[in-house]
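What follows is a short report on a single structure.
Nothing here was measured: the structure is a model prediction, and the numbers come from that model. Starting from 1, each residue takes its place in the sequence as its number.
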Amino acid sequence: MKLLVVDKSEEQSGRLCGLFENFEGGAQCSSVDNIDRGLDNAIANKYDLIILGITEIKSVAKNFITKLRQECGTPLIVLTRDKDVATRVEYLNIGADSCMNYDVSDEELYAVGVAILRRLYKDFGVNIYKFKSLQVNFFEKTVKIDEENISIVAKMYELFEYLIRNKEIILSKNALFNRVWGFESETTFSVVEVYISKLRKILERSGLAGQLLTIKNAGYCWTEKDNQQ
């Protein structure tokens, strides 16, 4: 798991990073003490979860959430000292996945974070995915077909893992591009089509190419359903 903490307090950032670095599936945590820089990092990089500790004025927080949602769907937990229910509801309405007290307990925050990830990413926390002759090790970032190690470049692996973790869900070309290559990448969206094509050729070896669907005018989907065309 890759986590980004955006908080002015070095002590709070350390606490949150330490909490989630104990995640059983392994985790990497980055922290930023400036909200504008945090937004740039959140958009430019690929994170599984973002935690925003709000000490700024309401309009600054709203701008962060709104712009984040315009660019990506990364899960967002907002921690705020604001006791106004209307403000918390507004944060949720414009894109936060959860809004909690700034001094929430470690146990509750961790449970909420894992619950959000489990809901959004199927099989989150599972290190090995198996389907027919395919085996993907999320921790080691390796792919096997018929027990044979498959040579696969890093970006193709990231693309494949993201599709698998969101199996049965149609992912747009834009979503895949931003997730794997990043918003600030100098390459073009066409790279998604190229990598999907190469990935399908690898899967053809064991008759699995039909599980990687192209949905016209919508995107791509990894499915475990049989008899796909």
Check: Looking at side-chain heavy atoms only, is the closest gap between Arg88 and Asn101 below 4.5 Å?
Finding: yes
Note to self: Using side-chain contact (heavy atoms from CB on, under 4.5 Å), reason through Val5 and Ile50 one step at a time and then give a plain yes or no.
What the structure shows: CA-CA 6 Å; Val5 175; Ile50 298 171; over 6 Å; no
Next item on the list: Output yes when a side-chain donor or acceptor of Asp82 lies under 3.5 Å from a complementary backbone atom of Asp84, and no otherwise.
Entry: yes
Notebook entry, point to check: If you take all heavy atoms of Leu208 and Ser133, which pair is closest and at what distance?
Noted result: CD1-OG, 3.8 Å
Notebook entry, point to check: Would you say the side-chain atoms of Arg81 pair up with the backbone N or O of Asp103, donor to acceptor, closer than 3.5 Å?
Noted result: no
Item checked: Asn166 (side chain) donor-acceptor with Ile169 (main chain) under 3.5 angstrom -> no
Notebook entry, point to check: Are Asp7 and Tyr102 close enough that a side-chain donor and a side-chain acceptor fall under 3.5 Å?
Noted result: yes
Note to self: Apply side-chain contact (heavy atoms from CB on, under 4.5 Å) to residues Arg69 and Ile94 and explain how you reach the verdict.
What the structure shows: CA-CA 8 Å; Arg69 282 296 164 259; Ile94 62 177; over 6 Å; no
Item checked: Leu76: which of Tyr91, Tyr47, Phe64 passes side chain to side chain contact (heavy atoms under 4.5 Å, CB included) -> Phe64
Checklist line | CG-NZ distance between Asn63 and Lys58, expressed to the nearest 0.5 angstrom | finding: 14.0 Å
Notebook entry, point to check: So, for Phe189 and Asn174, which heavy atoms are closest and what is the spacing to 0.1 Å?
Noted result: CZ-OD1, 3.1 Å
Margin query: Which residue in the set Lys167, Lys130, Lys132 passes salt bridge (charged side-chain N to carboxylate O under 4.0 Å, His left out) when paired with Glu224?
Written below: Lys167
Notebook entry, point to check: If Ile, Leu, Val, Met, Phe, Trp and Tyr residues are connected whenever their side-chain heavy atoms lie under 4.5 Å apart, and connections chain through other members, are Val114 and Val104 in the same group?
Noted result: yes
Next item on the list: Please work out whether the ring planes of Phe138 and Tyr129 are parallel, tilted or perpendicular, with thresholds of 30° and 60°.
Entry: parallel
Note to self: For Leu176 versus Trp181, what's the shortest heavy-atom pair and its separation?
What the structure shows: O-CE3, 4.1 Å
Notebook entry, point to check: For Glu193, which residues count as a salt bridge (charged side-chain N to carboxylate O under 4.0 Å, His left out) partner, sequence neighbours excluded?
Noted result: Lys173
Margin query: Show every salt bridge (charged side-chain N to carboxylate O under 4.0 Å, His left out) that has at least one partner inside residues 9-20, sequence neighbours left out.
Written below: Arg15-Asp106
Margin query: Between Asp146 and Leu134, is there a side-chain heavy-atom distance shorter than 4.5 Å?
Written below: no
Margin query: Restricting to non-hydrogen atoms, name the atom on Ala42 and the atom on Leu68 that form the minimum distance, rounded to 0.1 Å.
Written below: CB-CD1, 3.7 Å
Check: Taking the six-membered ring where the residue is Trp, are the ring centres of Phe160 and Trp222 under 6.0 Å apart?
Finding: yes
Margin query: So, using side-chain contact (heavy atoms from CB on, under 4.5 Å) as the criterion, who are the partners of Val153 when residues are at least two apart?
Written below: Met156, Tyr195
Next item on the list: Could you grab the distance from atom OG1 of Thr223 to atom CD1 of Ile164, nearest 0.5 Å is fine?
Entry: 12.0 Å
Checklist line | Pairing of Asp48 and Arg165 as salt bridge, 4.0 angstrom limit | finding: no
Check: Got a sec, which residues hit salt bridge (charged side-chain N to carboxylate O under 4.0 Å, His left out) with Asp36, two or more places apart in sequence or on another chain?
Finding: none
Note to self: Can you confirm whether Leu79 sits close enough to Ile51 that some side-chain heavy atom of one is under 4.5 Å from a side-chain heavy atom of the other?
What the structure shows: yes
Note to self: Test of understanding: clusters of I, L, V, M, F, W, Y form through side-chain heavy atoms closer than 4.5 Å, transitively. Do Ile152 and Phe131 belong to the same one?
What the structure shows: yes
Next item on the list: Please name all residues satisfying side chain to side chain donor-acceptor pair (under 3.5 Å) with Thr188, sequence neighbours left out, ordered by chain then number.
Entry: Ser190
Notebook entry, point to check: Mind checking whether Leu109 and Leu19 have side chains closer than 4.5 Å, heavy atoms only?
Noted result: yes
Margin query: Could you go through Thr87 and Thr80, starting from their C-alpha distance and side-chain angles, then the distance that decides it, and tell me whether this counts as side-chain contact (heavy atoms from CB on, under 4.5 Å)?
Written below: CA-CA 10 Å; Thr87 298; Thr80 177; 5.9 Å; no
Next item on the list: State whether the side chain of Gln211 and the backbone N or O of Lys225 hold a donor-acceptor pair below 3.5 Å, judged by distance alone.
Entry: yes
Note to self: Could you report the tightest heavy-atom contact between Ile116 and Pro75, atom names first, then the distance?
What the structure shows: CG2-CB, 3.7 Å
Item checked: Ionic contact status for Glu71 with Lys67, cut-off 4.0 Å -> no
Checklist line | Any side-chain heavy-atom pair of Ile150 and Gln135 under 4.5 Å | finding: no
Next item on the list: Could you tell me which non-hydrogen atom of Ala61 sits nearest to which non-hydrogen atom of Ile54, and how far apart they are?
Entry: CB-CD1, 3.4 Å
Notebook entry, point to check: Run the side-chain contact (heavy atoms from CB on, under 4.5 Å) check on Thr142 and Val136 step by step: do they pass?
Noted result: CA-CA 6 Å; Thr142 57; Val136 180; over 6 Å; no
Notebook entry, point to check: Does any N or O in the side chain of Glu161 come within less than 3.5 Å of the main-chain N or O of Lys141, such that one atom is a donor and the other an acceptor?
Noted result: no
Check: Are Asp97 and Ile77 side-chain neighbours, meaning at least one heavy-atom pair lies under 4.5 Å?
Finding: no
Notebook entry, point to check: So how far is it from Cys221 SG to Leu163 CG, rounded to the nearest 0.5 Å?
Noted result: 8.0 Å
Please tabulate, for side-chain N and O atoms in residues 197-205, each donor-acceptor pair with protein atoms closer than 3.5 Å (sequence neighbours left out).
residue : atom : partner : partner atom : Å
Arg200  : NE   : Leu212  : O            : 3.1
Arg200  : NH2  : Leu212  : O            : 2.8
Arg200  : NH2  : Thr214  : OG1          : 2.6

Next item on the list: Determine whether Leu52 and Ile35 make a side-chain contact, defined as any pair of heavy atoms from C-beta on separated by less than 4.5 Å.
Entry: yes
